[in-house]
Amino acid sequence: MQQSMSEKRSAVSRIIRQIQARGERVTIQRRLVIEALCDSNDHKTVGQIQQYIQHEHGEHDFSEATIYRILQWLKALDLVAQTDMGAVGIVYALVPDRPHHHLVCLTCGATIKLEDDYFCALRERVRKDFGFAARIDHMAVYGQCRACSEQTSSLPSSS
Ligand SMILES: [Zn+2]
Ligand SMILES: [Zn+2]
């Protein structure tokens, strides 16, 4: 699905309004990182965010360390989730109204998107038993995909 310029712009301003409502300042650098995350609603590594900014806004060039600091700030504001996707690396994504998660195959790197329903019961139970509000906003669950486990189980046993 192609995302239009205006969709991206309105997503960026929606987030900026949320940030300003909390009394935080939005610098040009912070704005560009937010824009990179709104671009095609994708999950990006720090390197991919840097590439996006260089590509779209060549006049602004800032280091991975700066981008990382801004991402940590967005994370503290509950606007961005940080997830270790295994081989892909650590990705950052905007926290959507409806969370989703990923199954990540450690053998082939395949990822499968997981609806939030799977975690609703867990969240409820943890809250009931511990009074703990678990922040399960973007989980990566590691393991082996069907194709890889079928391949492993069909291998001749070495013993
Ligand atoms: Zn995701
Ligand atoms: Zn696999």
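Every value quoted in this text rests on a predicted model; they were computed, and no experiment measured them. Sequence positions, counted from 1, serve as the residue numbers for this chain. As the structure lists them, so they are numbered: ligands from 1, and atoms in each ligand from 1.
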Is it the case that over 12 heavy atoms from other parts of the model lie below 6.0 angstrom from the OH atom of Tyr142? yes

Between Cys108 atom SG and Cys145 atom SG, the angle centred on the Zn ion (ligand 2) rounds (to 10°) to 110°

On a heavy-atom basis, which atom in Thr45 and which in Gln48 lie closest, and how many Å separate them? N-OE1, 2.9 Å

Which angle, to 10 degrees, forms at the Zn ion (ligand 1) with NE2 of His102 on one side and NE2 of His43 on the other? 110°

So, 2.8 Å as the limit: is an N/O/S atom of His101 located closer than that to the Zn ion (ligand 1)? no

Rounded to the nearest 0.5 angstrom, the CZ-CD distance for Arg14 and Gln18 is 6.0 Å

So does Arg31 have more than 12 non-hydrogen atoms from other groups sitting under 6.0 Å from CZ? no

